[in-house]
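Every chain is numbered from 1 and lettered A, B, ... according to where its sequence line falls, protein lines coming before strand lines. No experiment lies behind these values; they were computed from the predicted model shown.
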Amino acid sequence: MELTWLDKEIIRELQGDIALEPQPFLTIASRLGVSEEEVLERIKKLKDEGIIRRFGATLQHRNIGLKANALVAWRIPNASIDKIGKTISSLPQVTHCYQRTPADVFPYNLFAMVHGQVREECRELAAQISHELGLGKYEILFSSRELKKTSMKYF
Amino acid sequence: MEQLDRELLSMIQSGFPLVSRPYHEVGLKLGITEADVILRLANLKDQGFVRRIGAVIESRALGYVSTLCALKAPAEKLAEVERIVNAFAGVTHNYIREHELNIWFTFMASSPDELAKGIKEIAEKTGLPVNSMPSRKTYKIKLEFSIP
């Protein structure tokens, strides 16, 4: 999709935090010198085209009680990795799941982010996944401190 | 957290109404007024439950490339490494994890060249090897939570 100047300005506005006022999109439209309708239309188009992946509230998951965050990594043969990746992805506690190029010092190719209220939940889930899918050895790395967490600023 | 707040947050993680008066729309679904929705959201932000309300942009659709990096920082270098890595705008998430490889960060750039340059710069400035594990396939990205 070819982005117009308006698309870029809208992305710039929406990559932050919209206003908590009755007509937040009108506020944006006024700033950009266009109509509220046009802004809403562009947003819907950006969403349909997959440029906006999601529009809504981003929660601070640690503060809502999900204090345990683990990166779990497995080493899966190529023949079965897609199927395994999709299966693991169906679990609600898994927010991210990727096939990655392994590093020499970390020779794993399937990565999942698992969240829970306490670490034991994540440990149990990882063990359950590995056991039921016959995945063998895995690594589970808990985050102990968040050093940076921002949303990328495009444009 | 009040049950009503829980419902409110569950509703707007992804189904935020793209209409002229979105908070009014949400209020209709929950049986409360627009003002109440706005007040509740202001509170939820103040209390640190909501980071922001807006668009999550698919960086790949904009031509960005990204990777996950890990490095092993000795204890005495941790603060310095944190400072160096965090200074890059393309680093959006950076965590200490409990492993020999103790610093894990995501890094994105507008081109593969920029990405490689950035990683090289981090390696040079920290004096540590940076292990980059780019994604080959994405099975899931869904940062939506069931609120406990």
Side-chain angles (χ1 to χ4, degrees), chain A residues 11 14-18 20-26 36 40 43-44 49-61 63-66 71 82 85-86 88-89 92 94-103 105-106 115 117 139 141-154, chain B residues 1 9 12-16 18-24 34 38 41-42 47-59 61-62 68 70 82 85-86 89 91-99 101 104-105 108 131-148:
Chain A
I11 289 170
L14 301 180
Q15 66 194 354
D17 197 8
I18 65 168
L20 281 178
E21 45 185 54
Q23 290 179 272
F25 302 111
L26 177 61
E36 184 186 58
L40 285 167
I43 296 173
K44 283 181 193 136
E49 297 285 324
I51 298 194
I52 291 178
R53 183 163 70 223
R54 173 171 65 92
F55 193 101
T58 300
L59 306 187
Q60 305 245 45
H61 50 269
N63 294 346
I64 62 174
L66 294 166
L71 186 155
D82 281 352
K86 285 179 188 142
I88 290 175
S89 297
V94 172
T95 53
H96 299 68
C97 188
Y98 299 92
Q99 182 187 148
R100 293 190 178 279
T101 304
V105 296
F106 198 74
H115 304 269
Q117 290 183 64
E139 298 254 20
L141 286 71
F142 286 99
S143 59
S144 58
R145 191 148 61 96
E146 181 182 287
L147 302 178
K148 186 178 182 184
K149 185 86 160 276
T150 56
S151 302
M152 185 64 180
K153 295 289 176 264
Y154 308 91
Chain B
M1 195 189 286
L9 291 183
I12 63 166
Q13 278 189 85
S14 56
F16 190 89
L18 292 172
V19 298
S20 173
R21 291 172 68 195
Y23 307 114
H24 172 73
E34 179 183 67
I38 289 175
L41 288 175
Q47 288 174 69
F49 296 121
V50 174
R51 194 183 299 277
R52 66 181 180 100
I53 298 172
V56 176
I57 306 295
E58 180 54 78
S59 62
L62 295 181
L68 178 65
E82 174 182 350
V85 172
N86 281 0
V91 169
T92 51
H93 295 53
N94 189 11
Y95 287 92
I96 294 179
R97 290 195 180 274
E98 290 167 10
H99 190 267
L101 293 166
W104 289 73
F105 57 96
M108 78 164 91
N131 302 284
S132 171
M133 290 158 281
S135 127
R136 275 197 192 130
K137 230 178 216 174
T138 302
Y139 301 112
K140 185 178 192 179
I141 303 178
K142 194 175 187 206
L143 210 79
E144 285 167 57
F145 301 96
S146 275
I147 300 149

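- With chain B as partner, the option from L147(A), D17(A), T95(A), L14(A) having the largest number of non-hydrogen pairs under 4.5 angstrom is L147(A).
- If you measure heavy-atom distances from H24(B) to chain A, you find no contacts under 4.5 Å at all.
- If you measure heavy-atom distances from S146(B) to chain A, the contacts under 4.5 Å come from the backbone alone.
- With contacts defined as side-chain heavy-atom distances shorter than 4.5 Å, the pair M152(A)/S59(B) does not qualify.
- Between M1(B) and I64(A), the shortest heavy-atom distance links the atoms CE-CG2, 4.1 Å.
- Taken to the nearest 0.5 Å, the CD atom of E146(A) stands 11.0 Å off from the CD1 atom of I96(B).
- Interface residue E139(A): only side-chain heavy atoms are found under 4.5 Å from chain B.
- Residue with the most contacts toward chain A among E34(B), Q47(B), R21(B), R136(B): R136(B) (heavy-atom pairs, distance under 4.5 Å).
- For a residue to count as touching a neighbouring chain, one of its non-hydrogen atoms must lie under 4.5 Å from one of that chain's; by this rule L143(B) touches chain A with backbone and side chain alike.
- Residues forming a salt bridge (Lys or Arg N to Asp or Glu O under 4.0 Å) with K148(A) (at least two apart in sequence, or on another chain): none.
- Both the backbone and the side chain of V91(B) come within contact range of chain A, with heavy atoms under 4.5 Å apart.
- Proximity to chain B involves both the backbone and the side chain of L71(A), based on heavy atoms less than 4.5 angstrom apart.
- Taking chain A as the reference chain and counting heavy-atom pairs below 4.5 Å, the highest number among L9(B), N86(B), T138(B) is found for N86(B).
- Without hydrogens or angle criteria, R52(B) side chain to T58(A) main chain gives no donor-acceptor distance under 3.5 Å.
- Atom NZ in K149(A) sits 4.5 Å away from atom CZ in R51(B) (nearest 0.5 Å).
- To the nearest 0.5 Å, the span separating CD on E58(B) from CD1 on I52(A) amounts to 11.5 Å.
- Within the 4.5 Å cutoff, side-chain heavy atoms of F16(B) are placed close to those of I18(A).
- Top candidate by heavy-atom pairs under 4.5 Å with chain B, chosen from L66(A), L26(A), I43(A), is L66(A).
- Inter-residue side-chain proximity for P24(A) and Y23(B) is flagged as met; some heavy-atom pair is nearer than 4.5 Å.
- Using a 4.5 Å cut-off between heavy atoms, Q23(A) touches chain B through backbone and side chain atoms alike.
- Among the candidates A103(A), S151(A), S144(A), G65(A), the residue making the largest number of heavy-atom pairs closer than 4.5 Å to chain B is S144(A).
- Aromatic ring orientation, F106(A) versus H99(B): perpendicular (interplanar angle above 60°, classes split at 30° and 60°).
- Residues F25(A) and L18(B) form a side-chain contact, since some pair of their non-hydrogen atoms from C-beta on lies under 4.5 Å apart.
- How far CZ of R54(A) is from NZ of K142(B): 9.5 Å, rounded to the nearest 0.5 Å.
- Using a 4.5 Å cut-off between heavy atoms, E36(A) touches chain B through its side chain atoms alone.
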Is there a side chain to side chain contact (heavy atoms under 4.5 Å, CB included) between K137(B) and D82(A) once you walk through the steps? CA-CA 9 Å; K137(B) 230 178 216 174; D82(A) 281 352; 2.6 Å; yes
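- Contact of A70(B) with chain A is not made at all, since no heavy-atom distance falls under 4.5 Å.
- Across all non-hydrogen atoms, the minimal contact from P22(A) to P22(B) is O-CD, 3.8 Å.
- Ranked by non-hydrogen atom pairs under 4.5 Å with chain B, the options N63(A), I88(A), L59(A) are led by L59(A).
- Heavy atoms of L40(A) lying under 4.5 Å from chain B belong exclusively to its side chain.
- Most heavy-atom pairs under 4.5 Å with chain A, from the set N131(B), I57(B), V85(B): that is I57(B).
- Of the listed residues H96(A), K153(A), K44(A), the one with more heavy-atom pairs under 4.5 angstrom with chain B than any other is H96(A).
- Note on P92(A), P102(A), S89(A): by heavy-atom pairs under 4.5 Å with chain B, the leading option is S89(A).
- Classified by interplanar angle (parallel below 30°, tilted 30° to 60°, perpendicular above 60°), the ring pair F145(B)/H61(A) is tilted.
- Checking side-chain atoms of R100(A) against main-chain N and O of M133(B) turns up a donor-acceptor pair under 3.5 Å.
- With rounding to the nearest 0.5 angstrom, the CZ atom of R145(A) is 13.0 Å from the OH atom of Y95(B).
- Inter-residue side-chain proximity for T101(A) and S132(B) is flagged as unmet; no heavy-atom pair is nearer than 4.5 Å.
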